[in-house]
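See structure below.
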Amino acid sequence: MTVRVGVIGAGWIGHEHIRRLTHTVTGARVTAVTDIDAARAEAAAAPVGARVYASGAELIAADDVDAVLVTSWGPTHAEHVLTAIAAGKPVFCEKPLATTAEDCLRIVEAETAHGRRLVQVGFMRRYDAGYREMKQVIESGRIGEPLIVHCAHRNPTVPESYTSAMAALDTAVHEVDVLRWLLDDEIVSTQVVTPRATSKRFAHLKDPQIMLFETAKGVRIDLEVFVNCQYGYDIQCEAVGEEGLVRLPDPAAVGVRTAAQHSTEVLTDWVSRFRDAFDTEFREWIAGLAAGAEPTGPSAWDGYAATVITAATVEALESGLVVATDLKPRPAFYGGAA
Ligand SMILES: NC(=O)c1ccc[n+]([C@@H]2O[C@H](COP(=O)([O-])OP(=O)(O)OC[C@H]3O[C@@H](n4cnc5c(N)ncnc54)[C@H](O)[C@@H]3O)[C@@H](O)[C@H]2O)c1
């Protein structure tokens, strides 16, 4: 069965995912596109023979749409996801699920009332081969119980529009999701320490930031977010356990020896770093839908947790205090610990 996908939001990542669903993933076809910018919708729809709809609501209701992909601006996500749930259609929502905890909870309540999982949130790191191997090692017990995790998320530069709050909301949000999943544990408090600021930043920005998270089991996580590090896009993660440690591998790269030096390239953008993860994420989403299964990827609850934890981290940055995340109790509907 070919899954017919309708795409809401034909901007940068909407285009990427339309290309992915058309050329990389088997079993899917993009049949419908909408965007508040009609020209963008047309430009995305025409090459793949999709129909353009005037609004998200019309696209979701369309007979030739089996599943919905939301790639519009964050503040519009909740409305589209809730409409898809009301129509009983599976919906993949790029992060964030919603920009407020209240909207995330409305989605959780609507999906729970529906009685079957429909929502998946676009946290693609769970599909990265390195993170998956780390999870297998942790779950096998080879390093014993995890105690500490050291992470770094570094970008070469960011534009002037990037704010200090975005370090948590847009950058660290990926670590927040992948660490909850890796450790099968919940983040219960957050704190932000700001070291000496780099001179290579716009003056309004606190960069770098060190985020300190504590989990329900007492694991301590330190995450360096450094978005003007200059040298490359670099993601590091090392979990230290009672009997050993496991470290995220760097992307494969050839070693070059010349002029009395040995070097390997460092990537400079997240698109190349996580391209394979995005492909796997969509392959598994489409394969599950084609088989009539519920989605197994990041859930609406994970989307809620990420929004709450990153908002608490912004509060911690602004107040200088340790902030409790105060998540609601996890509904049994979503299983697991985190
Ligand atoms: N998983 C990731 O690593 C990742 C990476 C990039 C972007 N994203 C997320 O994807 C989303 C889109 O990001 P982007 O970089 O493509 O942004 P973008 O601005 O390039 O595109 C967003 C598009 O949505 C359209 N739009 C806005 N409101 C709409 C509505 N109500 N209905 C229909 N269309 C609407 C805009 O006109 C625009 O074309 C954001 O939530 C972003 O956080 C996730």
Side-chain angles (χ1 to χ4, degrees), residues 5-21 30 32-46 50-62 65 68-84 91-100 103-104 107 119-128 131 153 155 158-159 161-163 165-178 181 225 227 233 235 267 269-282 284-285 297-298 300 302-303 306-307 310-311:
V5 181
V7 180
I8 301 176
W12 193 87
I13 207 153
H15 269 272
E16 270 287 295
H17 290 338
I18 290 171
R19 182 197 53 73
R20 179 167 283 114
L21 287 167
V30 175
V33 178
T34 186
D35 196 294
I36 46 167
D37 180 335
R40 279 195 187 189
E42 277 295 344
R51 285 216 278 168
V52 171
Y53 285 87
S55 69
E58 281 180 41
L59 176 142
I60 291 166
V65 170
V68 179
L69 170 57
V70 179
T71 47
S72 51
W73 294 322
T76 70
H77 290 182
E79 173 197 341
H80 299 310
V81 172
L82 285 165
T83 307
V91 52
F92 183 110
C93 180
E94 260 307 341
K95 63 92 190 156
L97 174 63
T99 48
T100 66
D103 276 350
C104 290
I107 292 168
V119 180
Q120 177 159 328
V121 185
F123 289 121
M124 74 294 181
R125 287 204 194 175
R126 297 189 188 199
Y127 298 87
D128 174 77
Y131 276 115
H153 188 146
N155 296 58
V158 286
S161 54
Y162 188 99
T163 63
M166 288 166 76
L169 302 177
D170 285 273
T171 302
V173 66
H174 287 289
E175 268 82 12
V176 164
D177 179 72
V178 86
W181 169 79
V225 175
V227 294
Y233 180 75
I235 301 299
L267 294 174
D269 66 280
W270 55 270
V271 183
S272 342
R273 173 64 181 83
F274 288 111
R275 180 173 289 120
D276 291 349
F278 279 116
D279 289 348
T280 306
E281 175 185 48
F282 276 89
E284 293 190 10
W285 182 58
D302 296 317
T307 293
T310 51

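In listed order, ligands and their atoms are each counted from 1.
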Checklist line | Residues that Glu58 engages under salt bridge (charged side-chain N to carboxylate O under 4.0 Å, His left out), provided they are two or more places apart | finding: none

Check: Under 4.0 angstrom from ligand 1, any heavy atom of Phe278?
Finding: yes

Margin query: For His80 and Val68: C-alpha separation, side-chain torsions, deciding distance, then whether side-chain contact (heavy atoms from CB on, under 4.5 Å) applies.
Written below: CA-CA 9 Å; His80 299 310; Val68 179; 5.8 Å; no

Check: Is the closest heavy atom of Gly56 to ligand 1 under 4.0 Å?
Finding: no

Notebook entry, point to check: What protein heavy atom sits nearest atom 32 (N) of ligand 1, and how far away is it?
Noted result: His80 NE2, 3.6 Å

Next item on the list: Would you indicate which of His77, Arg125, Lys95 comes nearest to atom 43 (O) of ligand 1 when only heavy atoms are counted?
Entry: Lys95

Next item on the list: Please could you name the atoms of ligand 1 that Ser72 approaches to less than 4.0 Å, counting only its heavy atoms?
Entry: 11 (C), 12 (C), 24 (O), 26 (N), 27 (C), 28 (N), 29 (C), 34 (N), 35 (C), 40 (C), 41 (O)

Margin query: Please determine whether any non-hydrogen atom of Pro96 lies less than 4.0 Å from an atom of ligand 1.
Written below: yes

Item checked: Contact check, Glu79 vs ligand 1, heavy-atom distance below 4.0 Å -> no

Next item on the list: May I ask you to list the atoms of ligand 1 that are less than 4.0 angstrom from any heavy atom of Gly122?
Entry: 1 (N)

Note to self: Using modelled atom types and a 3.5 Å cut-off, is there a donor and acceptor pairing between side-chain atoms of Thr171 and backbone atoms of Ala168?
What the structure shows: no

Check: For ligand 1, which atoms sit closer than 4.0 Å to a heavy atom of Arg40?
Finding: 38 (C), 39 (O)

Next item on the list: Give the minimum heavy-atom separation between Arg126 and Val178, together with the two atoms involved.
Entry: N-CG2, 4.3 Å

Margin query: If you take the nearest heavy atom of each of Val7, Val70, Ile13, which one is closest to atom 10 (O) of ligand 1?
Written below: Ile13

Next item on the list: Output yes when a side-chain donor or acceptor of Thr307 lies under 3.5 Å from a complementary backbone atom of Ala98, and no otherwise.
Entry: yes

Next item on the list: Compute the minimum heavy-atom distance from His15 to ligand 1 and say whether it is under 4.0 Å.
Entry: no

Notebook entry, point to check: Parallel, tilted or perpendicular: which fits the ring planes of Trp285 and Phe92, with parallel below 30° and perpendicular above 60°?
Noted result: perpendicular

Check: Who's the nearest protein heavy-atom neighbour of atom 12 (C) of ligand 1, and how far?
Finding: Thr71 O, 3.4 Å

Next item on the list: Considering only non-hydrogen protein atoms, determine which one is nearest to atom 21 (O) of ligand 1 and report residue, atom name and distance to 0.1 Å.
Entry: Gly11 CA, 3.2 Å

Check: Hey, does Phe274 sit under 4.0 Å from ligand 1 if you only count heavy atoms?
Finding: no

Item checked: Evaluation steps, side-chain contact (heavy atoms from CB on, under 4.5 Å), between His153 and Val227 -> CA-CA 8 Å; His153 188 146; Val227 294; 5.8 Å; no

Next item on the list: Looking only at protein heavy atoms, identify the closest one to atom 44 (C) of ligand 1 and say how far it is in Å.
Entry: Glu94 OE1, 3.2 Å

Notebook entry, point to check: Relative to the heavy atoms of Gly9, which atoms of ligand 1 are at a distance of less than 4.0 Å?
Noted result: 24 (O), 34 (N)

Check: Should you measure from each heavy atom of Ile8, which atoms of ligand 1 turn up under 4.0 Å away?
Finding: 32 (N), 33 (C)

Next item on the list: Check ligand 1 against Trp12 and write out every atom of the ligand that is under 4.0 Å from a heavy-atom position of the residue.
Entry: 15 (O), 16 (O), 18 (P), 20 (O), 21 (O)

Notebook entry, point to check: Salt bridge between Arg125 and Glu175, side-chain N to carboxylate O under 4.0 Å?
Noted result: yes

Next item on the list: Taking Thr34 for its side chain and Gly9 for its backbone only, find out whether a donor-acceptor pair lies under 3.5 Å.
Entry: no

Notebook entry, point to check: Looking at atom 37 (O) of ligand 1, what's its closest protein heavy atom, distance included?
Noted result: Asp35 OD1, 2.6 Å

Notebook entry, point to check: Counting N and O atoms only, with roles assigned by atom type, does the side chain of His77 sit under 3.5 Å from a partner on the main chain of Thr99, one being a donor and the other an acceptor?
Noted result: no

Check: Under 4.0 Å from any heavy atom of Met124, which atoms of ligand 1 are there?
Finding: 1 (N), 3 (O)

Check: Is the number of heavy atoms from other residues, nucleotides or ligands within 6.0 Å of CZ (Arg51) greater than 12?
Finding: no

Notebook entry, point to check: Which is it for Met166 and Thr163 under the side-chain contact (heavy atoms from CB on, under 4.5 Å) test, yes or no, and what are the steps along the way?
Noted result: CA-CA 5 Å; Met166 288 166 76; Thr163 63; 3.3 Å; yes

Notebook entry, point to check: Among all protein non-hydrogen atoms, which one is nearest to atom 19 (O) of ligand 1, and what is the separation to 0.1 Å?
Noted result: Trp73 NE1, 2.8 Å

Check: Can you check side-chain contact (heavy atoms from CB on, under 4.5 Å) on Trp181 and Asp302, steps first, answer last?
Finding: CA-CA 9 Å; Trp181 169 79; Asp302 296 317; over 6 Å; no

Check: Would you say His174 contacts ligand 1, with heavy atoms under 4.0 Å as the rule?
Finding: yes

